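Note that the coordinates shown come from a computational prediction; the quantities given were computed from them, not determined experimentally. Throughout, protein chains are lettered first and strands after them, A, B, ... in sequence-line order, and every chain is numbered starting at 1.
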2 protein chains.
Amino acid sequence: MALGDAILACLTERPMTGYELAKTFDSSIGFFWKADHQQIYRELSKLRDRGYIQGREVVQSGKPNKLVYTLTPEGRTALRHWAARPSTPASTKDDLLVRLHALDSIDIEPLRADLMARLEHHRDRHANYERILKKRFPDGTAEGKLDLGNLLLLRLGARHEQMVADFCEEALAALSAMSGKATVVPIEDGKREGKG
Amino acid sequence: MALGDAILACLTERPMTGYELAKTFDSSIGFFWKADHQQIYRELSKLRDRGYIQGREVVQSGKPNKLVYTLTPEGRTALRHWAARPSTPASTKDDLLVRLHALDSIDIEPLRADLMARLEHHRDRHANYERILKKRFPDGTAEGKLDLGNLLLLRLGARHEQMVADFCEEALAALSAMSGKATVVPIEDGKREGKG
DNA sequence: CGACTTTTTCCTGTTACGGTAAATAACGAG
DNA sequence: CTCGTTATTTACCGTAACAGGAAAAAGTCG
């Protein structure tokens, strides 16, 4: 279980509904962990079955009733035990890197387009991180432990996006510098192969 | 399919057996993609069923016979089509970051130990990247397209490891600076709770 | 009325991850 | 000769994760 622990970690901040969690996994923690609402709800059921969280139904008027989940003491303990185990370094698993590994067997034009899209994407994310950093930590220091963690995360995220964006730029430049000697072959295999 | 494409990408370099692929996924491409030998073999079967690769049995004396897999033209085409689609930016999914997100609800001592282990781990990897870079690209330039891709990958890897290592150092420093005001609670829940 | 938001749930797949284990075939240690 | 090791492939099991399609219920907005 890993997504489950991420949810528990989110619930340490405050009780939340599945709906809120899904939104959280779209912003704050979602910067480095992706999960759609179905995954969240399924995981919440499991966590409830194990007694790590407790759902309290809140009757609403004008909206469907919601289930606010709170960490139980067992859940807190489970999270602490999980956090006390050594972490496993995750591997990147980025499609783009696989493409680069097979650079001489693929078409460069789509790759170039992809790199440009990614460049924009990572620049956007970088700007977003910086924006949040300036807003939440104008003087660059954190007060409590909770803030410290988030400050560190934001800084790591910002640097990471910056680095990947730089990488995309560099790759594009290298590709351009090489495009002279490269044979440009359009992607139309299987149509006129064998018979020329 | 993503692991399958990574395997196809590996096979563009030269034909390989499942055993060799498993080793490759432990070193070169394995720097950013992890897969054990069972995953590899299972994926190879699928790729063969789809006609993307072709196995040729090589009789060996002294060792069991091996199956050398070669990309078929269909496999090359499939790889090119896959590579022509826009890549999906992967999310990090690092346990360590989840822990930092819940920093005020976990025990700092194990976290500190974890950070130190990770620091060493990322430093090792960084040194490894640099070593390969110096060996394969002493002058920092690539000749062919194949080399270009690998040079870029190695550089990205080196920078990434450097950055994460720096991050670990920074986090450790921040934790130390904060440890004065923090209440240290040993992880022994559930034993003496409820009855003092 | 229809479209949209909020909130939860169910369904069916595929892909990935993890561990345990075995079969074949040789080599070397004890 | 048995035991362990390296090389090489394969099998089975279970769970976790990812993807997409759907629907229900209750209200608001246009």
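- With the nearest nucleotide of DNA chain D identified for both A/A35 and B/R48, B/R48 has the one nearer the 5' end.
- B/S45 comes within 4.0 angstrom of no nucleic acid atom, judged by non-hydrogen atoms across all strands.
- Across C/dA16, D/dT10, D/dA7, the shortest atom-to-atom separation from the side chain of B/K23 is found for D/dA7.
- Along DNA chain D, the nucleotide closest to B/T17 and the one closest to A/K34 are compared, and the more 5′ of them pairs with B/T17.
- Partners of B/Y19 according to the ring-ring contact (aromatic ring centres under 6.0 Å, His included) rule, which considers only residues two or more places apart in sequence or in another chain, do not exist here.
- Counting heavy atoms from C-beta on, the side chains of B/D49 and B/K46 never come closer than 4.5 Å.
- For the OP1/OP2 pair of D/dT15 and a distance below 4.0 Å, the side-chain nitrogens and oxygens of A/K46 include no atom meeting the criterion.
- Legend: residues meeting side chain to side chain contact (heavy atoms under 4.5 Å, CB included) with A/E74, ordered by chain and number and at least two apart, are A/Y52, A/T72.
- If you take CG of A/N65 and C1' of C/dT6, they are 11 Å apart, rounded to a whole angstrom.
- Annotation: side chain of B/H160 is not in contact with side chain of B/R125 (no heavy-atom distance under 4.5 Å).
- The separation between A/I40 atom CD1 and D/dA17 atom P is 11 Å, rounded to whole Å.
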Considering only nitrogen or oxygen atoms on both sides, find all protein atoms under 3.5 Å from nucleotides 19-23 of chain C and state each distance.
unit_1, atom_1, unit_2, atom_2, d
C/dG19, O6, B/Q38, OE1, 3.4
C/dT20, O4, B/Q38, OE1, 2.7
C/dT20, O4, B/Q38, NE2, 2.5

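- In this structure, A/Y19 reaches the C/dT6 phosphate: one of its side-chain N or O atoms is under 4.0 Å from OP1 or OP2.
- Of the charged side-chain nitrogens involved, none lies within less than 4.0 Å of a carboxylate oxygen, so that A/K23 and A/E20 do not count as a salt-bridged pair.
- Between A/R159 and B/E170 there is a salt bridge, with a side-chain nitrogen of the basic residue lying less than 4.0 Å from a carboxylate oxygen of the acidic one.
- When rounded to the nearest whole Å, the span between OH of A/Y69 and C1' of C/dT9 equals 10 Å.
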